[in-house]
Amino acid sequence: MPTAVLALGVFAAIRVAGAVVLALAAWWAGRSPVRVLGHSWDSVWYLAIARHGYGRTQIWPVTGLVQSDYAFFPLYPALVRLAGGGEWGGLFVSWTAAAVAAVGVYRVGELVAGRRVALLLVALWAVVPHAVVLTLAYTEPLLVALAAWSLYALLRERWLLAASLALVAGLTRPTGIAVAAAVSVTALHALLVRRSRAPAVWAAGLLAPAGWVAYVVAVGAARSDVTGYFAVQRQWGSRFDGGGATLSKVWEVLGGGPVALATAVSALLLGTALLLAVLLFTDRTPPLPLPLLVYTAVLLVIAVGGAGYFESKPRFLLPAFPLLLPLAAVMARARPRSAVVVTAGLAGLGYAYGVYLLVFAKMPL
């Protein structure tokens, strides 16, 4: 059996089991499993865009928030509409993208660290607490599918393919800019350091951010304001403050005050991500490829430096699968039985946390 097929099988087994656990918990709580999986929080906005197009604004008098659907990028709702719309259309797009993403994550891991590490990388990515999002009608599976295969193409120096996938990733969600950054910075490195003169390198560096820029410009034109997209994000409570809001929330958790379980877990996961980043960015022999470093660094900066809903930060880091490479490498050196036990234990914790967020606490992701 090809190892990539095995990796996909491991991923599917973990996430299908998670979806079954979540569906059973929803049914036990008297809720529709399909509604929980396909019509929770941001999914509601995406499905509305798929059905009716853009133009919805929701005002919250208590908080003063003015939420516009222009905050959501267009690729996912467009695909949902092609898939027939509704919860099942959203789930079909997400589940298909998640499978494509799993194989892409494996291929990247295989290229940089070998088959065993790559297989464990996929398993770890499938069991992290916020991997529940990979079974919901959310955009993260689609982004990771495009990002992983763009990074793989970039590592193989297929410049135009990498840039084309980065362009499409930029139409998926705001953090899609991380894929474009990886392509453009790598192209710049090839031009300045490796003295490449290939036209494809120039074209890739310029093409990669075009999707993200096009949507930001389109929102600005629709709102007759060149900074319209960023104004929409500020109205949602999202802005870049260099990490001040994140530090404040983490300090609140460390202070021992009354905080929700999701807040405490989010702080713990954020700290773990930063620790893994230190390990990832430490000099290695051979060093980690530049595209993965740039991609991961941009995602970290966006997640840590952004002020917004704190409990969503681990979800924003879900596409940063290279962060798990150090842990996968450690597990690859352990006995197979130990790796299986650790993966199963993490999966159980992840299932329980997903049920808590979506069924019992009904926390936004």
Side-chain angles (χ1 to χ4, degrees), residues 11 14-23 25-26 36-38 40-43 46 76 90-91 94-95 97-98 101-102 105 121-145 147-148 172-176 178 238 246 249-250 253 259-277 295-296 299-300 302-304 306 308-325 327-328 342-365:
F11 174 82
I14 293 171
R15 290 313 331 149
V16 168
V20 169
V21 169
L22 186 58
V36 170
L37 291 168
S40 295
W41 304 108
D42 286 358
S43 299
Y46 283 116
Y76 179 75
L91 292 173
S94 294
W95 293 350
V105 168
L121 175 65
V122 172
L124 287 171
W125 183 62
V127 301
V128 295
H130 277 67
V132 64
V133 175
L134 299 174
T135 47
L136 304 181
Y138 265 57
T139 55
E140 274 72 17
L142 182 59
L143 175 62
V144 180
T172 305
R173 56 176 297 103
T175 47
S238 298
T246 300
K249 184 63 74 171
V250 170
V253 173
V259 295
L261 176 61
T263 304
V265 171
S266 296
L268 175 62
L269 293 175
L270 199 60
T272 303
L274 292 174
L275 176 60
L276 290 173
Y295 170 72
T296 307
L299 288 173
L300 277 168
I302 292 173
V304 176
Y309 186 63
F310 181 77
E311 287 74 10
S312 290
K313 291 185 181 296
R315 174 169 67 87
F316 296 160
L317 285 173
L318 185 61
F321 63 88
L323 283 174
L324 298 170
L325 277 168
L327 184 55
V342 169
T343 302
L346 291 174
L349 291 173
Y351 297 163
Y353 188 59
V355 169
Y356 163 75
L357 287 177
L358 286 158
V359 178
F360 297 108
K362 301 179 182 178
M363 294 286 292
L365 285 168

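Numbers for residues simply follow the sequence, beginning at 1.
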Checklist entry - Going by heavy atoms in the side chains, are Val355 and Val21 under 4.5 Å from each other? => result yes
Item to check | Closest non-hydrogen atom pair between Val122 and Ala102, with its separation | outcome: CG2-O, 3.6 Å
Checklist entry - Is the backbone N or O of Glu140 less than 3.5 Å from a side-chain atom of Arg173, with the two atoms forming a donor-acceptor pair by type? => result no
Checklist entry - Got Phe316 and Leu299 here, is their nearest side-chain heavy-atom distance under 4.5 Å? => result no
Item to check | Where Leu22 and Gly354 come nearest, the two heavy atoms and their spacing | outcome: CD1-O, 3.9 Å
Checklist entry - Can you tell me how far the OG atom of Ser266 sits from the NE2 atom of His130, to the nearest 0.5 Å? => result 5.0 Å
Next on the checklist: Has Tyr351 got a side-chain atom pairing as donor or acceptor with Ile14's backbone, closer than 3.5 angstrom?
Outcome noted: yes
Checklist entry - Under the 3.5 angstrom rule, does the side chain of Tyr76 hit a backbone N or O of Leu143 as a donor-acceptor pair? => result no
Checklist entry - Of all heavy-atom pairs between Val127 and Ala347, which one has the smallest distance, and what is that distance? => result CG1-CB, 3.7 Å
Item to check | Thr139 side-chain N/O to Thr172 backbone N/O, donor-acceptor pair under 3.5 Å | outcome: no
Checklist entry - Tyr295 side chain to Pro319 main-chain N or O, any donor-acceptor pair under 3.5 Å? => result yes
Checklist entry - Between Phe310 and Thr263, does a side chain to side chain contact (heavy atoms under 4.5 Å, CB included) hold up when you go through it step by step? => result CA-CA 7 Å; Phe310 181 77; Thr263 304; 4.1 Å; yes
Checklist entry - Does the side chain of Leu317 come within less than 4.5 Å of Leu300's, by heavy atoms? => result yes
Item to check | Flag, side chain of Lys313 to backbone of Gly306, donor-acceptor distance under 3.5 Å | outcome: yes
Checklist entry - Counting distance only, does the side-chain N/O of Ser94 pair as donor-acceptor with the main-chain N or O of Tyr138 below 3.5 Å? => result yes
Checklist entry - Would a 4.5 Å heavy-atom cut-off, applied to side chains only, mark Phe11 and Leu134 as touching? => result yes
Next on the checklist: Please check: side-chain N/O of Trp125 versus main-chain N/O of Pro322, any donor-acceptor pairing under 3.5 Å?
Outcome noted: no
Checklist entry - Does a side-chain heavy-atom distance below 4.5 Å link Leu136 with Leu358? => result yes
Checklist entry - What are the two closest non-hydrogen atoms of Leu121 and Ala328, and how far apart are they? => result N-CB, 3.8 Å
Checklist entry - Looking at CZ of Phe321 and CG of Leu124, how far apart are the two atoms once the value is rounded to the nearest 0.5 Å? => result 13.0 Å
Checklist outcome for this item: Separation between OG1 (Thr135) and CZ (Arg15), nearest 0.5 Å, reads 5.0 Å
Checklist entry - With no hydrogens and no angle check, is any side-chain donor or acceptor of Ser40 less than 3.5 Å from a backbone partner on Leu37? => result no
Checklist entry - Which heavy atom of Pro141 sits nearest a heavy atom of Ala101, and at what distance? => result O-CB, 3.9 Å
Checklist entry - Considering all heavy atoms of both residues, which atom of Ala131 and which atom of Ala126 are nearest to each other, and what is their separation? => result CB-O, 3.3 Å
Item to check | Distance in Å, Leu327 CG paired with Thr272 OG1, rounded so as to fall on 0.5 Å steps | outcome: 10.0 Å
